[in-house]
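Read the structure below first, then the notes.
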Amino acid sequence: MAKIKKSAFAKATARRSPLSLYGAAARRRKNNIKARKEKMSRIYMDYGAATPVDSRVLKKLGRFPSEVFGNTMSLHSFGQEAKAALEESRDILADLMGAKPQEIIFTGSATESNNLALKGIAFANKEKGNHIIISPIEHPCVGESAKWLESQGFEITKLKVDQYGLIDPKEVERLIKKETILVSVMHANNEIGTIEPIEEIGKICREKGVYFHTDAAQSLGKIPIDVEKMNIDLLTGSSQKMYGPKGAACLFIREGTKINPILHGGGQEFGLRPSTVNISAIYGFAQASLLCKKEIVKESKRLTQLRDKLIKGVMAKIEGSYLNGHPIKRLSNNANFWFEFIEGESLLIQLDMAGIAGSTGSACSSAKLQPSHVLLAIGLRPQEAHGSLRLTLGRWTTSKEIDRVLKVLPGIISQLREISPFKKN
Amino acid sequence: MVKGIYSKKVMAHFKKPHNYGKIKNADGIGNVGNLVCGDVMRLYIKIGKNKNKQEIIKDIKFETFGCVAAIATSSAITDLAKGKTLEEAAKISKTQIVDSLGELPPIKMHCSVLASDALVEAIYDYLSKNKKEISQDLAVKHERIAKEKEETEKRYKDWTDMEKKMLG
C-alpha cells in the first residue's frame, strides 16, 4: 500500500500549538490525512464483482478520450484514428485468446455478449433445430436469456452439476440430440469459482456439430485461454473484471458461425453490434488485457497462495465453516464459504463496518429475496446458502490483508451466532 | 462514509442490538419466520404487574437469525414492548416499528411484520398456556400467523424439519 507523504505544510504546522494561528488548518489537514489513511486501509475483496481500473491502463489512456474521439464509421482522419485504435484493440484481444482479429466483436457488457451469443445463435439456426443446453450455474444473463428463448419456442435443457459445481462432459454428450444447436457452459463460475472442463465439452460439441459458447467473464485474463485448443465457438470476455474500464466487453465468434444480431442499426462490428463504438473503453480494455497477459502466470501463482492461506485460515479458525466449490479446480482468486447459524447479509454489513468488502448468496441481500441458484444447484439447503460469504481477491490483495480478515472474521461470526436462535447444543 | 441502504437508526440497532439472548423460564415464547426465507425470530417475554395490577411485559429478549433489518426490527420491538401492558404490546404495529427505526428499504418491510408477529405469538403463548382470556383481535392475528406457518411448512417440508432439529 502506498504510503501517504506528509506535506511540507503539515510538517511545518504539526508542532504548533492548537491555539496558534494555523492550528485549526493543521488539525483539519491532519484529520484529512487520517481519513484518507482510513479509507485506504479498507480491504476490497470483491474483485469478482468489479475491479478498479489499473493506473497503468489510465496512463496509457491519458488524453485518449479527448483526442481520439471520432466516429469509427467516419471517413475523415478523426474517424480513421478511432478506427485504427479499434483495430489495434481487436488484435490485442484476439491475441489474448488465440483467435483471428475478425473473430472478435466488441460489445458494452458481458451481459450483452451473452445475450447476443444465445439469442443470436438461436434465431440464426432455427432451421436446424430449437434445442439449447446450458449449465444450471450460469450467470443470470445466460440463464434468463435461455428462459426467454424458452418462451419463444426453444427447448432448454439444464445440465446437472456435482457437489463442487462440476459438469460431467459425458452428460453433455448424452443430452445432445438432432435438434441441438448450442451448448453454453461457463468457463469459471462467478460465485463458487469452479472451473469447468470446457475443453472436453468443446470437443464433444465439435464432434456432434453443435456450437459451443462459454462465458469467460471471470476467467479471461486469469487463466490462459486458447479458443482453438479448447474447441470454443463463442466466448464472452469482460473489461471490468480485468482491471479495464466499465462499458466494454467482447464476444469471440468463430469464423463461419451462423449468428444473427440482436440490435439493428448502422452496421458496426461486422453488423453484429451496431452502435457508435465506445472507443475509449475498448482501448482501455485492450490495454488492460495486455497487462493481464503479461502477468498471468505470476499473478495466478501469487493469488493461489493467498487464496489457500485464506481458505485454510478460515476453516481452521471458525467452527462450522465450509468451503463452497471445488478445492483445486477453482479460480485463483475465489474463496466461498458458508457458516452455520448465521445469515450472509448481516455478516456482509458487519464486515463492511470493519472495512472489509465481500459478497453473499443470501436471499436477504438479493433483489428477488431468493438464495443463490448456484449454491442451491450444488446441493446446499436454503439455510446454508443464506450463510454464504464470497471473498474474491485481486491485483492489490496482500498477505497482510488476508491476516486482517482472518483476525476480524471469527469475532464477527461468533457475535452473530450469539444473537442467533440456532446454536450448537 | 457513504450512506448505505439502511438508516442510521437501523445501523445503530444492528451494531448494538438491545435485549438479545434467552430468558430462562420465559412466560411466553414467540417463534416466527423460517429458514428457507432466511429470517427466524424468537421472542421471550417475562410477565409482571404494574401499579394498577395490570399485566405488563416486565422483560423481553430476542434471538434472531437474519439480515440487518431482521436484527434491527427485533431489537426495536423489544424497546417498544418493554413495560407495556399486554393489550398495548399486542397492538404494536409494523408501522410503529418502522417509525422507531426512521425507515426501512421497501424490500425489507416484511421484516417489521415478522417482529410484530413474534410479539403477538409470545403474548398468545403466555395467555393460552395460563388459560387466560384471549381477545378476539389477538386470536385472529394468531390464526393468520399459524396459517401462514402451516403453508410454508407444507411447501418446504424437508427444510423445516431440519430447522426444527436445529432449534432443538
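Chain A is the first sequence line, chain B the second, and so forth, proteins listed ahead of strands; every chain is numbered from 1.
Nearest heavy atom pair, residue B:Cys67 against residue A:Glu345, reads CB-OE1, 3.1 Å. When every heavy atom of A:Ser346 is checked against every heavy atom of B:Ile71, the shortest pair comes out as OG-CD1, 3.5 Å.
A:Ile349 has its side chain within reach of B:Met11: a pair of non-hydrogen atoms, C-beta onward, lies under 4.5 Å apart. Between A:Ile419 and B:Phe62 there is a side-chain heavy-atom pair separated by less than 4.5 Å.
Listed by chain and residue number, nothing satisfies the ring-ring contact (aromatic ring centres under 6.0 Å, His included) test with A:His139 (two or more places apart in sequence, or in another chain).
Interface with chain A: from residues 13-27 of chain B, residues B:Phe14, B:Lys15, B:Pro17, B:Tyr20 qualify, criterion being any non-hydrogen pair under 4.5 Å.
For CD of B:Glu148, the number of neighbouring non-hydrogen atoms (other residues, nucleotides, ligands) closer than 6.0 Å is greater than 12. Annotation for B:Lys141: atom NZ counts as buried by contact number, over 12 foreign heavy atoms lying within 6.0 Å. Other residues, nucleotides and ligands contribute at most 12 non-hydrogen atoms within 6.0 Å of the CD atom of B:Glu143. For NZ of B:Lys58, the number of neighbouring non-hydrogen atoms (other residues, nucleotides, ligands) closer than 6.0 Å is 12 at most. The environment of NZ in A:Lys160 is sparse: at most 12 heavy-atom neighbours from other residues, nucleotides or ligands sit within 6.0 Å.
Looking at A:Gln415, the atoms closer than 4.5 Å to chain B (heavy atoms on both sides) all sit in the side chain, from C-beta outward.
Taking CE of B:Met41 as the start and OG of A:Ser420 as the end, the distance is 12.0 Å to the nearest 0.5 Å.
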